[in-house]
Structure formats: C-alpha cells, structure tokens
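These notes concern the structure reproduced below.
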Amino acid sequence: MTDLTTIQQIAVMALPVLLAITVHEAAHGYAARKFGDNTAMMLGRLSLNPLKHIDPVGTVLVPVVVYLTTGFLFGWAKPVPVNFRNLRNPRRDMALVAAAGPGANLLMAIAWVVIIKLGLLVGDTAPWVTLPLIYMGGFGLLINVILMVLNMLPILPLDGGRVLSPMLPPRLSVYYARLEPYGLYIILGLLVTGLLGQIIWPIVQVVQDLLRGLVGL
C-alpha cells in the first residue's frame with residue numbers, strides 16, 4: 001500500500017481494523033451466552049457496535065505509536081466481561097469462549113481472501129472497484145491473521161492462555177494462572193526485544209499463504 005496516500009491508507013485500513021476488533025470481542029460474548037453466562041449481554045457488550053469495544057489507549061494510541069516506531073501493529077480492545085463461574089462447564093467452556101475470538105478472526109480472514117479474489121475477477125472492467133477491494137482485502141487478511149496468531153499465544157491473559165489453562169492438570173493450572181498479572185509485561189518485553197515478531201511472523205505468513213491458496217491466489 002506504499003503507493004497510497006496517508007488518507008487513502010487510513011480509509012483502506014479503517015473498516016478491516018474495526019471489524020477485526022469488534023467481531024472478535026462480540027464472538028467472546030456470544031459464545032459466553034451460549035454456554036450460560038449473560039454478563040456481556042447485561043452490560044451491553046453483546047454488540048457489533050465498534051464504540052462498545054474500543055479502548056482509547058489500547059485500540060487507538062498504542063497501535064499508532066507502535067506502528068510508527070516499529071512497523072508492527074499491536075494493541076487491544078476492551079475485553080468482553082465473562083463470569084466463568086456462570087458457565088455450565090467452566091473449565092471446558094472457558095477454553096471455547098476464549099477460542100471464539102480468534103475463530104472469528106479466522107472466518108473474517110477467509111472472507112477478506114474471497115473479497116481479494118472478487119476484486120481480481122472484476123479486473124480492468126471497473127478499476128475504481130477493483131483496487132479498493134484488493135487493498136482492503138489484503139489488509140483485512142493481514143490484520144485478522146495477526147490478531148488470530150497473536151491472541152493464540154499461550155500467555156495469559158491472551159486467548160491462547162485461556163485455552164491452555166483448562167487443558168492443564170488442575171494443580172498446574174492454578175500455578176499457571178498466577179502468571180496472568182505479568183502477561184502484559186511479558187508480551188511488551190517480547191515486542192521491545194523483537195522476539196514477538198520473530199515468533200508470530202512466520203506463522204502469519206504460512207496462514208496467509210494457506211488462505212490465499214484456498215481461493216487460488
């Protein structure tokens with residue numbers, strides 16, 4: 001997207017980012033409700049309205065600063081509240097609720113790949129439609145795969161940590177849960193040292209290649 005102006009880049013990136021964050025968080029809420037917890041619904045967080053999920057610092061300030069200084073996109077939204085004690089099978093359902101967010105990102109990544117394919121099929125017959133579809137689809141694919149891979153890292157409070165925790169023996173799970181207050185510092189440390197990119201970028205690239213292959217790109 002280097003051939004686009006700053007305004008054009010923002011226009012291309014805005015919708016994929018908002019959808020990636022909003023649907024990810026809403027998926028947690030819908031999954032929690034399915035398994036017995038209505039906390040998100042009662043607090044008005046069971047919504048596809050982006051304003052319900054945007055954190056001024058984590059969704060706006062941090063991603064902009066980190067992207068401009070490192071070229072890496074990193075941030076967070078307001079987590080959807082889930083009371084795991086309300087779940088019918090807390091250990092199993094906690095993992096399923098956590099996996100719902102990255103699962104939603106995977107589905108959106110597939111949808112954006114299809115949009116890229118449609119843009120290419122339109123081709124030169126309507127360039128004013130083709131280029132926006134391809135650029136937006138490409139970024140939509142990228143941001144959703146990044147969010148999926150990043151969130152599935154086995155570090156609490158990331159979704160991957162919440163998926164892993166119930167799979168551990170109860171005693172070990174208790175010790176593992178004690179690491180949660182330090183999770184954000186661990187992630188920031190990995191980011192600052194460059195290790196985070198080294199861990200997730202190869203996976204991101206493989207997943208993108210696989211999804212592109214699904215539609216013959």
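The minimum heavy-atom distance linking P181 with A177 is given by the pair CD-O, 4.2 Å. Considering every non-hydrogen atom in both W112 and L141, the closest pair reads CB-N, 3.7 Å. Shown here for H28 and V97, the closest heavy-atom pair between the two residues is ND1-O, 2.7 Å. Residues R162 and P157 share a closest heavy-atom pair of NH2-CB, 3.7 Å. The two residues G197 and P202 make their nearest non-hydrogen contact at O-CD, 3.9 Å. Annotation for L46 and G29: closest pair CD1-C, 3.1 Å, computed over non-hydrogen atoms.
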With side chain to side chain contact (heavy atoms under 4.5 Å, CB included) as the criterion, how do I146 and W201 come out once you've worked through the C-alpha distance, each side chain's angles and the decisive distance to 0.1 Å? CA-CA 8 Å; I146 288 176; W201 273 119; 3.8 Å; yes
Mind running side chain to side chain contact (heavy atoms under 4.5 Å, CB included) on L153 and L150 for me, showing each step along the way? CA-CA 6 Å; L153 291 178; L150 177 62; 3.9 Å; yes
Full working for side chain to side chain contact (heavy atoms under 4.5 Å, CB included) between L133 and I116: CA-CA 6 Å; L133 285 179; I116 297 173; over 6 Å; no
Checklist entry - Where do V145 and L211 land on the side chain to side chain contact (heavy atoms under 4.5 Å, CB included) test, with the steps shown first? => result CA-CA 10 Å; V145 173; L211 296 181; 4.1 Å; yes
(Q) Would H24 and N144 count as a side-chain hydrogen bond (donor to acceptor under 3.5 Å, both in side chains) here? Give the steps. (A) CA-CA 9 Å; H24 176 106; N144 277 286; over 6 Å; no
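Distance CD1/I200 to CE/M148: 10.5 Å, rounded to 0.5 Å. Within the model, atoms CG of L188 and CG of L196 stand 9.5 Å from one another, a figure rounded to the nearest 0.5 Å. Expressed to the nearest 0.5 Å, how far CZ of R91 lies from CZ of F84 amounts to 12.5 Å. With rounding to the nearest 0.5 Å, the separation of CG in L43 from CG in N38 is 10.5 Å. Atom-to-atom distance recorded for S173:OG and M94:CE is 6.0 Å, nearest 0.5 angstrom. The NE2 atom of H53 lies 10.0 Å from the CD1 atom of I21; values are rounded to the nearest 0.5 Å.
No side-chain donor-acceptor contact under 3.5 Å links S165 to the backbone of G161. Proximity of a side-chain donor or acceptor of R88 to a complementary backbone N or O of D37 within less than 3.5 Å is not detected. Judged by distance alone, with hydrogens and angles left aside, the side-chain atoms of T193 form a donor-acceptor pair with the main-chain N or O of L190 at under 3.5 Å.
Following chains of ILVMFWY side-chain contacts shorter than 4.5 Å, one can reach L106 starting from V215, so the two form part of one hydrophobic cluster. Residues V23 and V82 fall into different hydrophobic clusters, defined by Ile, Leu, Val, Met, Phe, Trp and Tyr side chains chained together at heavy-atom separations under 4.5 Å. Both L158 and V149 are members of a single hydrophobic cluster when ILVMFWY side chains are connected at heavy-atom separations under 4.5 Å. Following chains of ILVMFWY side-chain contacts shorter than 4.5 Å, one can reach I199 starting from V207, so the two form part of one hydrophobic cluster. In terms of hydrophobic clustering, with Ile, Leu, Val, Met, Phe, Trp and Tyr side chains grouped at heavy-atom distances under 4.5 Å, M152 and I155 are assigned to different clusters.
Using a 4.5 Å heavy-atom threshold, the side chains of Y176 and L156 count as touching. With contacts defined as side-chain heavy-atom distances shorter than 4.5 Å, the pair L87/R92 does not qualify. The shortest distance between side-chain heavy atoms of I115 and M136 does not fall below 4.5 Å. Looking at I187 and L191, their side chains never come closer than 4.5 Å, going by heavy atoms from C-beta outward. Taking the side chain as every heavy atom from C-beta outward, P16 and L19 never approach each other to under 4.5 Å.
Between R212 and D209, at least one side-chain nitrogen of the basic residue sits less than 4.0 Å from a carboxylate oxygen of the acidic one, meeting the salt-bridge criterion.
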